[in-house]
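This report concerns only the one structure given below.
In what follows, every chain begins at residue 1, and chains take the letters A, B, ... in the order their sequences are listed.
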Amino acid sequence: MRSPTAYVSVLLLVIMLTALLGRAVWQLAAFDSGSELPRLLQNNLAASGVEHPVTAVLLNFRSYDTLLEIAVLVIAAMVGISMARTRSLEDPELRTADALLRALLRWFVPLMLLLAAYLLWAGADRPGGAFQAGAMLAATGVLMRLTGMPLDFLRPGLLLRIGLVLGFALFLLVGLASAIAGEAFLAYPPGLSKALILSIETLLTLSIGMILLALFVSAPVNNASEPEEGEQ
Amino acid sequence: MSTPLLYALTGVVLWGIGLLGLVGLRHLLRKLLALNLIGSATFLILVGLAQHHNGPDPVPQALVLTGIVVSIAATALGVVLIRRYFHLTGCTELGNGAEGSKEDRAP
Amino acid sequence: MSNWLMAGLLFTPLALATTSLLLNFRQGRALAWLGMVLQLLVSVGLRGLVKQEGGFYYSLAGWDAPLGIELRVDGLAVTFLLLTTLVASGCGIHAGIYLKPDKPWQRYFWPLYWFLWAGLNTVWIGGDLFNLYVGLELISLAAVGLVALGGQAEALRAALRYLLAALLGSMAYLLGVALIYGQFGTLSLAEVAHQVRLMDQAELMRPALVLMLVGLALKTALFPLHGWLPPAHGIAKSPVSALLSALVVKASFYIAARIWLEAGEVVATQWMAQLIGALGAAAVIWGSWLAWCQPRLKQVVAYSSVAQIGYLFLLFPLTFGVDASTSLQAQQGITLQVISHALAKSAMFLAAGNLILAVGNNRVDALAGVSHFLPFSLFSFGLAGVSLMGLPPSGGFAAKWMLLQASMASGQWWWILVLVGGGLLSAAYVFRIYRASFLERDEKDHFYHPDRRLEVVAMLLAVASLGLGLAGSQVLSVMALPFEEVQ
């Protein structure tokens, strides 16, 4: 057990650091910076292919960030699947005796799927987009899983892995295609921005939904492991 | 004191609470939650400070969206690892000086 | 031409990661060889391009900074790209033979490997602060995944410690980025460096700089924030440890160095610079001492990493408040140190893996008799040790020589003690391994002889680190090239 002096000294240290941070933020708030970024964004919004500035930033101006963050999600999903109990996803432990939930799902699932599609579509000119829709899809899957439904497409096999990388792969191919066409990597050809963004977002929605759901489903853990180097 | 600045200062306080939790708590899941708190605090400061200067600014909002997704991935990875660690050892804490606890096989 | 090369550089690792996910370990291995060749072609091509025409900025998605993300391809970046190609290829080839292909989780090795490589590339050419954050997270999560893959409780413990430390480091860095965006309204490092020189209240950036440096120091395992490194690097499979020690810890250091060189001169104080140097010196001493004490072979090598990382942080005091030529000398010395350490440490970890495979045990005192029956692997380990000790003609020697000169020229003579003393301390733990392996046990060869190719890879990397001193001027010639001005 840690001694009381250790606790108190850690507390005091953290309080001091917080105070310093607060002072830094306060001083920066008083300093007049004047960023030209919002104005630049407004000027170029029309050329980006979508009306909503956040979507434009995510999928056009700073698309490389988005590409890499999908890669990060895929990494998490891979590590999760690698530890999952393989083969059967029919897990009786997870089946709930909650008849109310099972009955309500008949109403919830179509509504949630519809809401996910709406969120995806709305991302063009109001808050929404691939991540929100993907999270909605995953939530639907989680609810279905909680009633013990065997979601066959989530067996750790080739189909699951294809689903995980589909959105990422399309994003990457679009980037390469524009580079081959002579523009910079990830630059959309003029005129095709909206169509490309929409197709990328659609596949991303499906992939993100599958990634998040696979992470939830991979909760049952397998026992297999290999010994450390030099130990048997 | 504008509203965004209030958010930023709240973020500062949350950073402190999160840091205290990360360092002081022992249960792995709570450490992970503390890290999430730190993440949310950082996003608050990012958006709050920027919007205090410029008004509604889509760039930090987009950055925070990216940050949230990265944070989800990291948390999910952490949870999966903790789950497996618990399954294999029954412990929920890391413990100190656990190296050398296994006997090395004699030649 | 540059467009093709950049697209190839960015596309290849990510595409290979995607494709490897759909294949199994053996197929992924065959594909990986293709990928390594492609990356080698692209890295050499980019280096030639920069050598010919000077460095350039590359605007991703066709949008210039500050609206879009800008990549900075200069001499230092292409050098590191080429280094990554060499070291990661070596580790990948070793892993393809060393790892057991039939384990169910092994198919995830290649995707994690390629994502790690993609993250490293992103960091070396990064010019946008937030993009660097995403690149760092990509690297960290891939590295944690590689450490935990197929592991038992001990490996998971190490991976969890690594994850928590890495995430805290990233968060501190991101907080610094948040403060910088609040102050300057841009995320482009070049733009920030430009603006901070124009303003008269440069010390407003100091909290952000401190936060970023602390976060990055945690990720680079600078003393006293090094606790997560020895378990993680010691327990992971040898090719993974090699990747981690050689390249992954350098990525966060690279970002810290870039920020310091761009903005540190006007924002930081002498006190900060000297403190960082002092922590580096403490790392050298503490790490070497602990390396000498460890009973397990890979832990010796892991603590050796902690010690060698300390040298890198001498960059900070040696480039602050000194004249331009001394600063350049220090930068070149540190570059050589990073390269030679990457080559030597990867060789050392791969050789250690071979030795452990041969002996069937990971303790140092189980190595008795190895010198007689497995000279090849031991020799690569020894050559790598020569570079760590800083003996001529190795890269380590050339690097230390330049740092010594920079220390004398800047009047900071106390770092000379650290450089010389550190060399002696590394000799202590390297010779401990030699001694253990030169002991005769009995005349019978009851070692398992690892695949020849495993030993060849380790040897090639060790020889490269040794020969670096001879090729040093070649390597450094790219660094001082002209670079296009900030628009």
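- Minimum heavy-atom separation, A:G22 to B:L9: O-CD2, 4.2 Å.
- Scanning both residues, B:A73 and A:A76, for their nearest heavy atoms gives O-CB, 3.4 Å.
- In terms of heavy-atom pairs under 4.5 Å with chain B, the best-connected choice from A:V72, A:V57, A:L58 is A:L58.
- With contacts defined as side-chain heavy-atom distances shorter than 4.5 Å, the pair B:L77/A:M78 does not qualify.
- With a 4.5 angstrom heavy-atom cutoff, A:L11 touches chain B via backbone and side-chain atoms both.
- Atom CG of B:N54 sits about 8.0 Å away from atom CG of A:L37, to the nearest 0.5 Å.
- If you measure heavy-atom distances from B:L49 to chain A, the contacts under 4.5 Å come from the side chain alone.
- Using a 4.5 Å cut-off between heavy atoms, A:L73 touches chain B through backbone and side chain atoms alike.
- A pairwise comparison of heavy atoms in A:V54 and B:Q61 identifies CG2-OE1, 3.6 Å as the closest pair.
- Among B:A62, B:A50, B:S2, B:P56, the residue making the largest number of heavy-atom pairs under 4.5 Å with chain A is B:A62.
- Chosen from B:V70, B:V59, B:V13, the residue pairing most often with chain A at heavy-atom distances under 4.5 Å is B:V59.
- B:A76 approaches A:L215 most closely through the heavy-atom pair CB-CD1, 3.5 Å.
- Contacts of A:L21 with chain B are made by both backbone and side-chain atoms, with heavy-atom separations under 4.5 Å.
- No more than 12 heavy atoms of other residues, nucleotides or ligands sit less than 6.0 Å from atom CD of A:Q42.
- A:V14 is not listed as a side-chain neighbour of B:V23, based on a closest heavy-atom distance of 4.5 Å or more.
- Per-residue counts of heavy-atom pairs under 4.5 Å with chain A were compared for B:L65, B:V79, B:I68; the largest is that of B:L65.
- Heavy-atom neighbours of A:F31 CZ from other residues, nucleotides or ligands within 6.0 Å: above the threshold of 12.
- B:I72 touches chain A through its side chain: at least one heavy atom from C-beta onward sits under 4.5 Å away, while N, CA, C and O do not.
- For A:F61, no part lies near chain B; criterion is any non-hydrogen pair under 4.5 Å.
- A:R62 has its side chain out of reach of B:T66: every pair of non-hydrogen atoms, C-beta onward, lies at least 4.5 Å apart.
- Interface remark: B:L63 contributes side-chain atoms only to the contact with chain A (heavy atom separation under 4.5 Å).
- Contact annotation for B:L5: only side-chain heavy atoms (C-beta onward) come within less than 4.5 Å of a heavy atom of chain A.
- Heavy-atom distances place both the backbone and the side chain of A:L28 under 4.5 Å from chain B.
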